[in-house]
Amino acid sequence: MTSGPDESSVRVALRIRPQLAKEKIEGCHICTYVMPGEPQVVLGKDKAFTYDYVFDMDTQQDSIYTHCTEQLIDGCFEGYNATIFAYGQTGSGKTYTMGTGFDVNIGEEELGIIPRAVNHLFKGIEERRQAATEQGRPVPEFKINAQFLELYNEEVLDLFDTARDFEARKQKSNIKIHEDANGGIYTVGVTTRTVTSAAEMMQCLKLGALSRTTASTQMNVQSSRSHAIFTIHLCQVRVCSPDNNDNVTDNRLVNDSEINEFETLTAKFHFVDLAGSERLKRTGATGDRAKEGISINCGLLALGNVISALGDRSKRSTHVPYRDSKLTRLLQDSLGGNSQTVMIACISPSDRDFMETLNTLKYANRARNIKNKVMVNQDRASQQISALRTEIARLQMELMEYRTGKRMVGEDGIEGINDLVHENSMLQTENNNLRVRVKAMQETIDAQRARLTQILSDQANQTLAKGGEGNEEIGNMIQNYIKEIEELRAKLLESEAVSENLRKNLSRASTRSSMYGGPGSFSSALLAPENEASDVIEMAKKDLEKLKKKERKKKKRYRTGAAAEGSEEGEDADGEEDDFDMAGEETSEESDSEELEEKENFQADLANITCEIAIKQKLIDELENSQRRLHTLKQQYEQKLMMLQNKIRDTQLERDKVLHNMGSVESGTEEKAKKIKAEYEKKLSSMNKEMQKLQSAQKEHARLLRNQSQYEKQLKKLQQDVAEMKKTKVALMRQMKEQQERNRAAECRRNREIATLKKDQRRAEHQVRQLEAQKRQQELILRRKNEEVTALRRQVRPVSGKVNRKVSLPEPLQEPSHHRATPGRSSPVRMGSIYLSRTARAKWQSLERRVSDIIMQRMTISNMETDMNRLLKQREELTRRRERVSRKREKMAVEGADADRSLASLNEELESLSANIDYINDSIADCQANIMQMEEAKEEGDTVDVAAVISSCNLSEARFLLDHFMTMAINKGLQAAQKDSQLKVMEGRLKQTEINSATQNQLLFHMLKEKAEINPELDALLGSALQENGDDSSSDESTPSPATEALGILKNLLPQARRRTTTQMELLYASSGDLSCESAAGDFSAPLLPLSERLEGLADMQGHAVGQTPDREQTVFPSAQSSRPAGIGVINPVTAPKSSRGAKLQCVYVAEGHTKPVLCVDATNDLLFTGSKDRSCKVWNLVTGQEIMSLADHPSSVVSVRYTSSLVFTVSTAYIKVWDIRDSAKCIRTLTSSGQVGSGDTCSSVRSLSIPPGESQINQIALNTSGSFLYAAAGNAVRMWDLRKFASTGKLTGHLGPVMCLTVDRLGNGQDIVLTGSKDRHIKMFEVAEGAQGSITSSHTFEPAHQDGVESLAVHRDVFYSGSRDYFIKKWDLASKQLLQQSASAQADWISALGVVPGSKVLLSGCRGGLLRLWHTDSLAPLGEVRGHDSPINGLATNSSQLFTASDDRTVKIWEASGSLEEGVN
């Protein structure tokens, strides 16, 4: 057993509790999904988390214990510490999982982790004692202690202390936490109970659990209000188990002894039941419960910080804040220390707890990265014995390796593995492979031999059968002969191969003996040429070896000499004087270049010689190989000749034997004998031919031996060439040595120069340090002087005003002289502060950006969470309402009175409620997905390491940052106070509005009561409405009031009162003739309706209106305009004059409210956005006809406005403000033309026409079709913004003049097409792919260009139109990029706006003269013109049914088309 530390990761298990009955009743959906067969859970739609174990809602307690805790208990018996703790929100099932909450009715299968662990522990003790008794070993001794702590309000309390009462919790605890020398944590002052059985342990656990602090909250009836830690200490003394059973022979003395060695192991097991994290607004905790919740969250926050510091790879080197909380201090061993740790994260599956579930999953995901250093807890004697045993085993293994030759010591004293071991293993592998191959080949040979025998015997039988002499005995005899012949032939071939190998070995031995002059060699006459050739080859080899050795020695001598001389010259250079000039440097450079060339030439010559030597060496090797081949061929021919002679002799013997046998056969078989004789004669003739061939080959071999003399001459010539090359190489080496000496001299000169320069540099650095020290001293003196001056000024207190004047008058006269006297002293201080503030400012900017990003991310997530909570409340209300309706339906079905009609209406209501609930569920799922996306973006966008920036600051930078943080905090506090005051004012207005609304509802209800006296049906409906409203208000406070219900009833029963142009106040005072009531209608304007309904309303006004005359109706709108508050805009209907009633394009409404010209307009089906020179952008409701809000505080005129998904983008000078209009008009981002992003409203709200340096005027903005990218025409480029990250991705470049207009379309492949028009008269097209970044150039420039600047663009399907200052409108094809048509002098002035009329093939153009002209989109034929405004038209926008034009006359006109405009306006 080893005691060294081992890396062990914290294992994390996830448990999902089942849904509660209350959650099911309230309609909560399940937002978690467990992947089958994988330890992975999916939250929401697609956010996956992976852990070590994942337990779904139907998992039993037994399975959780088996996977998570069983191994930890077994590890405790081996001396390892263990910890298991449960974490999660309140009510997620932590106490149930751990088993610290006891219930009388709990079953065996529902027992938690702690009771099961206690039973497992004592069962393991009993098994180990029994096993030792059976094996005859000493029984191990166990001692078990238990502690039970509670961490309540950051105070450690002892749950085993029976004398403790409730009041003692409020007092300071006497329990102390300490750390031992090994880093282990222990407590002092805690009651420790020694237990001997599982029942006793369970009794202690029950006693402590009942003493634990619990309370009830809105989320959990029995909520734990403290963290509980139940600790089991296990100490065992057992016999050491021998580790090295294989080394019995090497350790006989130890094994023969009868002495038993004992070891002491200790382990502690922490069972931690953490209190649940909770939100006060959800738990509804107040008083002590709120304090407890805050304390719980503080402890969990400290635990999260520890987990982050240990789990985040980038923060592992930083400080781990264990001492921030007593909880983390107690668990210091478990997190990053000596413990095997398992964390069980308990979560709720309901979507109502989505945010808590998400935080728990992220918390647990970080814990997986923690690495603990696990080691066995032994006493010192056991540790030493274990270490010695390990050392003995290692030394015995090492000794065995030395004995077997596996390990060896080299010449340099370094140990290593013998090469023979590797070679032996390789040879063994190869030998095994060859054995398998030989076995397979032998089987193949046997099979082929049997097949050949069969074929030959078949052929012989067929031959005999053809002659009519076939006989079975003769066939068998022939087959046996053939088989015997084949076997003999195989043996002959094998013996020939063996003989050939033996001859080769004999020839090698004879060659060696002849070389060394030994006895037993062959005759010198036969081997003379071979010996001579081998002698020549040996001499050549020796010469080459000598040559190589000389070359290596010279290279080594050259290197060592150069290094030694370089070091000597360098030492001499340090002591010499610095007397070198520029002329010497120039000559040294020239000589260096010449020396380099000479050196390169020498190296090339040396390389050539080396190459030639290698070639000669190859030639010698080839000659040597040819000699070997000749010798081998000679031996082969001799052996083959002998083999053939033996074969002839054997064949003759066989022939004689066969003839002898044939003679003994009867005379009837003579013909058969003749045939066999003829066959053998044929064989004999073929063998003779083969022998002749071999004899010719022998002659060729003799000829080759004669040619051997030529080879010897060639070998001598090669040796002479090698000798000449050696001489040349020696000469080259001599020249290289001389060149190296010259190089060393040049290098010495350079070293002297470098030493001189280093001395100068050191002298300069010393001067700089002196100047810096002098500067610091001057700064200190100056600071001290300033402090003395300020102190003296404070001490001087003038007694009267005269004295004050006398004292203060000379100061301005003295200060200039003082400043003039020390100009040089203040300048370095100012320059130093400027230099110092640059880096500090850069750090401050990075920190400020990071803080702003964090605020924005958290604010966005908070808003999303608020929306989700609102949707959850709405779902709860609808679920309750559906339950009431279903109960009502059941009640009606039981009563049976008027059942069919009532049940049908109730069924319809249930269906609508179910549809609403489904819609809200979809909205909740979308909101959860958005929250997950924001969380992922927050993790990806964490690029600035705040801790690294702060740690890199020096003292002055820290002061600078602290100053700016103070300023920012004050500013933010001031802004918050201002917002609070504004909020209070708005709340007051809201209360006043509610009071007015209640008053009006009461008046309306009284009027309906008066009407109900006349109409009994209305009276009955009013009574039922009141009853239903009373029932609803008793259960839900947010249901509509009786007046609202009655208003709906009145609308259904009084059709004569449903004129679309009447307002709520007119309906209220319809029967009265008081004109003062009519003036009150100014607060409610008519809704915007289609033209047909508007004309119908006008007809109703002119005809039979109830209780009103046409004269009175005409006075409504002037009174409305006069009574509306100043600055609040309203959209008024326009009565068409009789002369223009036949026109197909009519102005139906006018939006008034701006105080200066309106420059831009954008619209949806419900909202209208207008920007003006009055530095504001107004948002209008097209349904109610009122201004919703005004987006003000722009630095100058608002020149462009765009809207997408609750975000409004407004342009003023070089800034783009991004407004979130969901809750209130709030600027959330400020984008600049240079690509900078500011959080909130960063541009000045003071009117300013100047553009900051580095910025440029933004003329127009456009959004792509999906609303994810924004394009801004800034200067002569277009800036691109990714609205998903609010980051600039690049710009579109290519124009020479400012870009005045742009529009965006989308291709089928997902690319954005950006069309831009500029003052340089050109129109360019840019293709922007998804994810494109950087500078993008135009893909096409449309020709011919306009004659003046382009002012407007409009896209319609596959074509687009351009309007210019040259009064032309041009039509272009996007596919072919060609000009299709153009209209000359389309307007009488600049064409400032273009747009396509919705639902028709009509192009609308507006000019600075105020005229609107209509053109056919296909032919550009004019269809007519309309006087739109009396002032220039600045902007044009459309929605699905209306046109909007903005003008200098401070109004926006709303136009509608009746009929087809393609035939003309009139």
Side-chain angles (χ1 to χ4, degrees), residues 301 305 308 314-315 318-319 321 772 775-776 779-780 782-784 786-787 790 826-862 938 941-982 1193-1195 1213-1218 1226-1246 1248 1250-1255 1285-1288:
L301 175 64
N305 293 335
S308 297
S314 61
K315 298 180 180 178
T318 59
H319 168 68
E772 287 179 351
K775 178 185 172 184
R776 285 195 295 270
E779 287 178 355
L780 289 172
L782 181 62
R783 192 181 298 119
R784 197 178 300 115
N786 289 333
E787 291 173 357
T790 53
S826 61
S827 178
V829 176
R830 186 167 61 253
M831 290 299 292
S833 63
I834 290 171
Y835 174 75
L836 186 64
S837 63
R838 284 180 186 171
T839 55
R841 193 178 296 112
K843 291 179 181 179
W844 164 248
Q845 289 173 355
S846 63
L847 289 176
E848 188 179 19
R849 282 195 299 270
R850 182 67 189 137
V851 169
S852 302
D853 291 341
I854 291 172
I855 291 172
M856 282 306 304
Q857 290 167 356
R858 292 187 180 178
M859 186 176 69
T860 307
I861 294 174
S862 176
K938 183 171 71 173
D942 193 4
T943 55
V944 179
D945 191 356
V946 179
V949 173
I950 293 175
S951 61
S952 65
C953 293
N954 54 27
L955 186 58
S956 56
E957 290 175 351
R959 288 174 180 167
F960 181 86
L961 294 180
L962 190 59
D963 254 356
H964 280 68
F965 271 120
M966 282 290 294
T967 306
M968 188 174 74
I970 292 169
N971 292 336
K972 294 295 181 183
L974 182 60
Q975 290 177 9
Q978 292 173 352
K979 294 291 183 184
D980 286 341
S981 62
Q982 292 176 6
D1193 294 336
H1194 291 84
T1213 62
Y1215 300 99
I1216 303 173
K1217 287 190 173 186
V1218 186
K1226 182 165 60 175
C1227 179
I1228 60 172
R1229 289 284 194 281
T1230 302
L1231 317 178
T1232 67
S1233 62
S1234 61
Q1236 301 296 319
V1237 183
S1239 179
D1241 191 356
T1242 58
C1243 63
S1244 174
S1245 60
V1246 181
S1248 173
S1250 62
I1251 296 175
E1255 307 289 345
K1285 304 176 183 176
F1286 280 107
S1288 173

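All figures in this text were calculated on a predicted structure; none of them were measured in a lab. Count residues from 1 along the sequence.
Every residue two or more places apart in sequence or in another chain that forms a ring-ring contact (aromatic ring centres under 6.0 Å, His included) with Phe965 is listed here: Trp844. Partners of Glu772 by side-chain contact (heavy atoms from CB on, under 4.5 Å), not counting sequence neighbours, listed by chain and number: Val768, Arg776. Looking at residues two or more places apart in sequence or on another chain, you find a side-chain contact (heavy atoms from CB on, under 4.5 Å) between Gln982 and Lys979. With sequence neighbours excluded, the residues satisfying side-chain contact (heavy atoms from CB on, under 4.5 Å) with Leu780 are Arg783, Arg784. Leu301 is linked by a side-chain contact (heavy atoms from CB on, under 4.5 Å) to Asn305, counting only residues two or more places apart in sequence or in another chain.
A side-chain hydrogen bond (donor to acceptor under 3.5 Å, both in side chains) with Lys843 is found for exactly one of Glu957, Glu848, His964, namely Glu957.
Rounding to the nearest 0.5 angstrom, the gap separating the CD1 atom in Ile1228 from the CD1 atom in Ile855 is 14.0 Å. For the atom pair CD1 of Ile861 and CE of Met856, the computed distance is 11.0 Å after rounding to the nearest 0.5 Å. With rounding to the nearest 0.5 angstrom, the NZ atom of Lys972 is 12.5 Å from the OG1 atom of Thr967. Taking NE2 of His1194 as the start and OH of Tyr1215 as the end, the distance is 12.5 Å to the nearest 0.5 Å. The structure places CD of Gln975 at 6.5 Å from CG of Asn971, a figure rounded to the nearest 0.5 Å.
Listed by first and then second residue, the side-chain hydrogen bond (donor to acceptor under 3.5 Å, both in side chains) pairs involving residues 1226-1239 are Thr1232-Ser1234, Ser1233-Glu1255, Ser1234-Glu1255 (not counting sequence neighbours).
The heavy-atom pair separating Leu1231 from Phe1286 by the smallest distance is CD2-CD2, 4.5 Å.
Met968 is listed as a side-chain neighbour of Val851, based on a closest heavy-atom distance under 4.5 Å.
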